[in-house]
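Take a look at the structure set out below.
Read the numbers this way: they start at 1 and go in the same order the structure lists the ligands and their atoms.
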Amino acid sequence: MCGGGLTEFYDFGRQPLSDAFLKPDQLEGEFFFRLAVGVCDQCTMCQLMEEVPRDKMFNEDYPYFSSGSSVMRKHFELTATNFLETELTGDDPFILDIGSNDGIMLKTIADAGVRHLGVEPSRSVAEVASAKGVRVRNEFFEESSAIDIVREDGQADVVFSANTICHIPYLDSVFRGLDALLKPNGIFVFEDPYLGDIVDRTSFDQIYDEHYYFFTARSVRAMARSFGFDLVDVERFPVHGGEVRYTVARQGARTPSAAVAEMIAEEDAKGLSTLETLRGFGDKVSKIRTDLVALLEKLRAEGKTVVAYGATAKSATVANFCDLGPELVSFVTDTTPAKQNRLTPGSHIPVRSPEAFTDSPPDYALLFAWNHAEEIMAKEKAFREAGGKWILYVPEVHIV
Ligand code: SAM
Ligand code: TMP
């Protein structure tokens with residue numbers, strides 16, 4: 001974003017589109033790219049080395065429906081309620097959600113009768129939001145769409161975005177759009193996986209085609225400032241394996257909270273974005289691959305059954321990087337109908353419904369959706385009670 005130089009620190013090799021679940025007749029011509037991460041020597045931003053064209057990832061077949069998790073539904077209900085009680089109390093307030101998906105956050109706003117708009121390029125999920133009474137534009141957010149929105153709806157009090165800003169390589173266009181779109185005292189609030197948590201937990205599976213940036217408070221502040229904005233607040237959340245919610249306002253409009261300086265000081269003290277730290281992270285990632293493959297091969301030799309739980313986008317990196325296939329993991333169970341009876345991208349492991357899991361429980365379940373561990377383990381108590389075991393690979397390979 002700043003024009004500085006990138007130094008690559010880890011290469012995951014050839015990887016598919018993480019959310020392109022295949023029908024058996026779609027195996028030919030599968031798209032692959034080189035998944036590698038680097039860090040900017042000037043602004044410390046971490047990012048992918050190669051960009052995948054956006055239409056390949058976000059289109060009418062996009063299969064990630066945010067409302068599939070009860071914990072996330074609660075998280076976004078609280079987020080919306082909080083906005084309704086704080087920023088949206090003036091005369092005819094207006095809130096925008098970039099990457100509104102199936103309306104998980106805006107549903108609460110729509111129910112409260114407050115003016116809102118979701119911007120969502122993937123028609124599969126946008127249609128679900130519309131059916132819930134959420135107002136959606138089915139397009140990518142960028143400068144030109146922001147200008148159209150201002151013309152039609154006026155400026156916004158809040159622009160919110162969860163798990164989407166890190167998906168957008170062209171953030172310069174996004175910030176120019178925000179400049180047109182936000183009221184003078186309006187705020188841009190976005191939350192994404194935090195590099196600090198990724199490094200602390202060695203959660204390398206947060207790295208895949210859609211996750212283009214891995215933010216820190218330092219890199220976000222640098223980016224905001226270069227577009228006439230400032231980082232005025234940060235807040236940590238445990239969701240999705242550890243996220244930070246960043247609040248950005250026009251420079252001088254709001255006083256930065258103490259939390260901003262504290263988080264940046266903490267990042268600097270542990271050398272979060274230094275090549276030494278990031279290469280050390282890479283060494284741990286390599287060890288996880290060795291350990292996970294060894295464990296799965298041992299279990300196969302012992303005749304144990306292993307299936308995976310949660311056909312997450314993250315798991316594309318794990319399966320392809322560790323070269324897992326149906327011989328090591330017989331199927332992946334997932335609640336999403338759009339993923340069921342398809343094959344996982346690149347690794348071609350069949351995806352089955354939750355009934356396939358409960359009808360014939362395996363000896364071991366590899367928890368691909370480890371970020372939903374609490375919710376899933378509570379739901380699958382019977383599996384554990386009957387002697388089933390969970391395999392986790394974050395922060396290291398272990399069995400519970
Ligand atoms: N906000 C939801 C949440 O937190 O669960 C959805 C997150 S989902 C991982 C990312 C969403 O961003 C997808 O629905 C995708 O279609 C959308 N997206 C990708 N690029 C976008 C862009 N430039 N503008 C708006 N939405 C975008
Ligand atoms: P995520 O980690 O990107 O949120 O994706 C979670 C995936 O796991 C998604 O495909 C839905 C699936 N899932 C289940 O199959 N069962 C569950 O109980 C939960 C919470 C998610």
Requested in this report: Return a yes/no value for Asn101: is any of its N or O atoms, backbone included, closer than 3.5 angstrom to an N or O of ligand 1?
Outcome: yes
**Report entry** Identity and distance of the protein heavy atom lying nearest atom 16 (O) of ligand 1
**Finding:** Glu120 OE2, 2.5 Å
Query raised in the report: Okay, side chain of Gln155, backbone of Ala180: is any donor-acceptor separation there less than 3.5 Å?
Result: yes
Query - NZ/NE/NH1/NH2 to OD/OE distance under 4.0 Å, Arg135 and Glu152 - result: no
Requested in this report: Measure up the Phe188 and Phe190 rings against each other and bin them: parallel (under 30°), tilted (30 to 60°), perpendicular (over 60°).
Outcome: parallel
Query raised in the report: Taking the inter-plane angle between the rings of Phe204 and Tyr393 on a 0 to 90° scale, is it parallel (under 30°), tilted (30 to 60°) or perpendicular (over 60°)?
Result: tilted
Query raised in the report: Quick one: do Leu324 and Tyr208 end up in the same hydrophobic cluster if we chain Ile, Leu, Val, Met, Phe, Trp and Tyr together by side-chain heavy atoms under 4.5 Å apart?
Result: no
Requested in this report: Could you check if a side-chain atom of His75 sits within less than 4.5 angstrom of a side-chain atom of Glu243, using non-hydrogen atoms only?
Outcome: no
Report summary line: Numbered in order shown, the ligand 2 atoms found under 4.0 Å of a heavy atom of Thr336 are 10 (O), 11 (C)
Query raised in the report: Is Thr333 close to ligand 2, meaning an N/O of one under 3.5 Å from an N/O of the other?
Result: no
Query - Tyr64 N/O to ligand 2 N/O under 3.5 Å - result: yes
Requested in this report: Compute whether any side-chain donor of one residue and acceptor of the other, for Gln47 and Tyr212, lie under 3.5 angstrom apart.
Outcome: yes
Report task. Heavy-atom contacts with Val119 under 4.0 Å: which atoms of ligand 1 show up? List them by number with element. Result -> 25 (C), 26 (N)
**Report entry** Nearest protein heavy atom with distance in Å, relative to atom 24 (N) of ligand 1
**Finding:** Phe141 N, 2.8 Å
Query raised in the report: Going by distance only, is there an N or O of Thr335 that falls short of 3.5 Å from an N or O of ligand 2?
Result: yes
Query raised in the report: Purely on distance, is any nitrogen or oxygen of Ile104 under 3.5 Å from one on ligand 1?
Result: no
Report task. Could you list the atoms of ligand 1 found under 4.0 angstrom from a heavy atom of Ile168? Result -> 22 (C), 23 (N)
Query raised in the report: Is the shortest N/O to N/O distance between His372 and ligand 2 below 3.5 Å?
Result: yes
Requested in this report: Heavy-atom contacts with Asn371 under 4.0 Å: which atoms of ligand 2 show up? List them by number with element.
Outcome: 1 (P), 2 (O), 4 (O)
Query raised in the report: What atoms of ligand 2 come within less than 4.0 Å of a heavy atom belonging to Lys339?
Result: 9 (C), 10 (O)
Query raised in the report: What are the atoms of ligand 2, with element, lying closer than 4.0 Å to any heavy atom of Thr312?
Result: 2 (O), 5 (O), 6 (C), 7 (C)
Query raised in the report: Can you list the ligand 2 atoms lying under 4.0 Å from a non-hydrogen atom of Lys379?
Result: 16 (N), 17 (C), 18 (O)
Query raised in the report: Could Arg54 and Phe140 be counted as a cation-pi pair, given that NZ or CZ must be under 6.0 Å from the ring centre and within 45° of the axis?
Result: yes
Query raised in the report: Does Asn138 use its side chain to pair, donor to acceptor, with the backbone of Glu120 at less than 3.5 Å?
Result: yes
Report summary line: Quick note on ligand 1: atoms under 4.0 Å from a heavy atom of Ile98 include exactly 24 (N), 25 (C)
Query raised in the report: Does atom CG of Asp25 have more than 12 heavy-atom neighbours, drawn from other residues, nucleotides or ligands, at distances under 6.0 Å?
Result: yes
Query raised in the report: For the residue pair Tyr62 and Tyr64, does the interplanar ring angle fall in the parallel (under 30°), tilted (30 to 60°) or perpendicular (over 60°) class?
Result: perpendicular
Report task. Answer side chain, backbone, both or neither: which part of Asn163 comes under 4.0 Å from ligand 1, heavy atoms only. Result -> both
Report task. Would you mind checking which non-hydrogen protein atom is closest to atom 26 (N) of ligand 1, with the distance to 0.1 Å? Result -> Pro121 CD, 3.1 Å
Query raised in the report: Which ligand 2 atoms are under 4.0 Å away from a heavy-atom of Gly310?
Result: 8 (O)
Report task. Check step by step if side chain to side chain donor-acceptor pair (under 3.5 Å) holds for Thr317 and Asp205. Result -> CA-CA 6 Å; Thr317 297; Asp205 52 350; over 6 Å; no
Query - Any Arg342 side-chain heavy atom under 4.5 Å of Lys339 side chain - result: no
Query raised in the report: Below 4.0 Å from any atom of ligand 2, is there a heavy atom belonging to Met72?
Result: no
Query raised in the report: Any donor and acceptor pair, going by atom type alone, linking the side chain of Ser203 with main-chain N or O of Gln206 inside 3.5 Å?
Result: no
Query raised in the report: So do Val285 and Ile207 actually touch side chain to side chain, heavy atoms under 4.5 Å?
Result: no
Query raised in the report: Would you say the side chain of Leu35 lies within less than 4.5 Å of the side chain of Glu50, judging by non-hydrogen atoms?
Result: no
Report task. May I ask you to identify, for Phe368, whether its side chain, its backbone, both or neither come under 4.0 Å of ligand 2 on a heavy-atom basis? Result -> neither
Query raised in the report: In terms of ring plane angle, is the pair Trp390 and Phe357 parallel, tilted or perpendicular, where the classes change at 30° and 60°?
Result: parallel
Query raised in the report: Tell me, which protein residue and heavy-atom name are nearest atom 11 (C) of ligand 1, and how many Å apart are they?
Result: Thr164 OG1, 3.5 Å
Report task. Heavy-atom distances under 4.0 Å are what count here, so tell me which part of Phe140 touches ligand 1: side chain, backbone, both or neither. Result -> both
Query raised in the report: Considering only protein heavy atoms, which is closest to atom 6 (C) of ligand 1, and at what distance to one decimal place?
Result: Ser66 OG, 3.3 Å
Requested in this report: Any atoms of ligand 1 less than 4.0 Å from a non-hydrogen atom of Ala162? List them with their elements.
Outcome: 1 (N), 2 (C), 3 (C), 4 (O), 7 (C)
**Report entry** Numbered atoms of ligand 1 (with element) below 4.0 Å of Tyr170, judged on heavy atoms
**Finding:** 23 (N)
Query raised in the report: Are any of the heavy atoms in Phe65 under 4.0 Å away from ligand 2?
Result: no
Report task. Measure the distance from atom 8 (S) of ligand 1 to every protein heavy atom, then report the residue, atom name and distance (to 0.1 Å) of the closest one. Result -> Tyr62 OH, 3.5 Å
Query raised in the report: Among all protein non-hydrogen atoms, which one is nearest to atom 8 (O) of ligand 2, and what is the separation to 0.1 Å?
Result: Asp334 OD2, 3.5 Å
